[in-house]
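Accompanying notes for the structure given below.
Residue numbers run from 1 in the order of the sequence given. We count ligands from 1, going down the list as the structure has it; atoms in each ligand are counted the same way.
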Amino acid sequence: MSDKIIIAIDGFSSCGKSTLAKALAAQLEYVFIDTGAMYRAIALYFLRNHISFQDEKAIANALLHIQLHFEHNPNTLKSDMFLNGENVELRIREMQVSSKVSEVAAIPAVRDFAVAQQQVMGQHKGIVMDGRDIGTVVFPQAELKIFVTADPAIRANRRFKELQATDPTISMEAVAENLAHRDHIDSTREHSPLKQAEDAMVLDNSHLDRAAQFEIALNWAKERIVSAS
Ligand code: DC
């Protein structure tokens, strides 16, 4: 019997989900998948190729020409997102993509495309996947579901600091607006909106540092791994 489990981490933007997911995966020697990066890479392709978000035919055709994969980066020790063989890890974090990605992630054909790939990635378990619909749609049978939340002002401040490193012209106001806009679209869209799975463990990290939140989540994971084996 396999003692590996699936850990699904969902929550609002800039809640520290990826940081937590990465740390858990490293500790447990599991694969980490940042599903937001996949939606971002698709959005980048649409923007570059002027695909209208309303044109279902153009979208279906564009998806046939998109190949996504993750590759380990030995310099950063993280996985980089590749779009048709190009490393787009930095591009997909830029404001131009961030301001459009929620619209792209709300398109049903885009979600079907991404979810099918995510389900294949998790078929052998031993995976930590972060996103918005992992515990509800991608892996409703995940052994551990964590729903991460944090105060919106604290999230905006964290994102601002992150973005400032690459774009010193960015304003706090623009970051807060973008976050609020994304939260709204992500949680009100018709197709698999962001919502807490009924059986998810809630982790509010507004006043927790990384180590404290990691400790809590790791204990949950250990419990679930024991009961799965
Ligand atoms: O986690 P992130 O900010 O990189 O996600 C980018 C966008 O993709 C965000 O608008 C939410 C959306 N997303 C989603 O709809 N479903 C996922 N599983 C992951 C991200």
Side-chain angles (χ1 to χ4, degrees), residues 6-22 25 31-47 53 59 63 66 68 70 78-83 88-122 127-140 142 145-150 152 155-156 158-163 166 170 174-197 200 205:
I6 293 178
I7 302 178
I9 303 190
D10 291 303
F12 292 102
S13 301
S14 298
C15 263
K17 295 186 302 295
S18 294
T19 308
L20 174 65
K22 244 176 263 166
V31 174
F32 160 64
I33 303 289
D34 168 7
T35 61
M38 298 170 72
Y39 291 101
R40 287 170 178 271
I42 297 167
L44 178 63
Y45 183 92
F46 285 8
L47 291 170
F53 301 166
I59 289 168
L63 291 173
I66 295 180
L68 303 176
F70 290 98
K78 293 176 186 166
S79 280
D80 287 349
M81 181 82 250
F82 281 70
L83 166 64
V88 291
E89 185 57 34
L90 292 178
R91 288 276 157 283
I92 59 172
R93 311 285 164 196
E94 289 172 357
M95 226 15 176
Q96 187 211 7
V97 173
S98 295
S99 61
K100 293 287 173 200
V101 62
S102 290
E103 285 172 60
V104 172
I107 300 169
V110 168
R111 300 207 70 80
D112 292 346
F113 174 82
V115 168
Q117 296 185 28
Q118 291 154 11
Q119 288 173 333
V120 171
M121 293 172 188
I127 195 161
V128 185
M129 194 171 270
D130 95 68
R132 305 294 188 288
D133 59 340
I134 311 304
T136 51
V137 175
V138 182
F139 295 120
K145 301 176 185 177
I146 302 177
F147 192 83
V148 188
T149 72
R155 289 196 281 131
R158 286 177 186 159
R159 189 66 149 204
F160 175 62
K161 284 186 187 152
E162 243 172 57
L163 285 172
T166 50
I170 198 96
V175 174
E177 259 172 38
N178 175 249
L179 272 188
H181 177 65
R182 281 201 287 156
D183 285 355
H184 178 73
I185 298 184
D186 292 343
S187 45
T188 57
R189 69 178 173 228
E190 208 174 308
H191 196 313
S192 40
L194 166 66
K195 66 170 193 270
Q196 187 188 319
N205 66 18

of all protein heavy atoms, closest to atom 3 (O) of ligand 1 is Arg182 NH1, 2.8 Å
Proximity winner for atom 19 (C) of ligand 1, if only heavy atoms of Thr35, Ile134, Ile185 are counted
Thr35
Kindly confirm or rule out an N or O of Asp130 lying under 3.5 angstrom from an N or O of ligand 1.
no
Verify the distance criterion only: is there a donor paired with an acceptor across the side chains of Arg132 and Ser13 at less than 3.5 Å?
yes
At under 4.0 Å between heavy atoms, which part of Met38 makes contact with ligand 1: side chain, backbone, both or neither?
neither
Logged contact type for Gln118 with ligand 1, heavy-atom cut-off 4.0 Å, is neither
Regarding ligand 1, does Lys17 bring an N or O atom to under 3.5 Å of one of the ligand's N or O atoms?
no
Region of His191 that comes within reach of ligand 1 [heavy atoms, distance under 4.0 Å]
neither
How about Asp130 and Phe32: do any of their side-chain heavy atoms sit closer than 4.5 Å?
yes
Please say whether Tyr39 places an N or O atom under 3.5 Å from an N or O atom belonging to ligand 1.
no
So which heavy atom on Leu47 is nearest to which on Val97, and how close?
CD1-CA, 4.2 Å
Check: Arg159 side chain, Ser14 main-chain N or O, donor-acceptor pair, under 3.5 Å:
no
Between the main-chain N or O of Pro140 and the side-chain N or O of Lys145, is there a donor-acceptor pair closer than 3.5 Å?
yes
Which class fits the ring pair Phe147 and Phe12: parallel under 30°, tilted 30 to 60°, perpendicular over 60°?
perpendicular
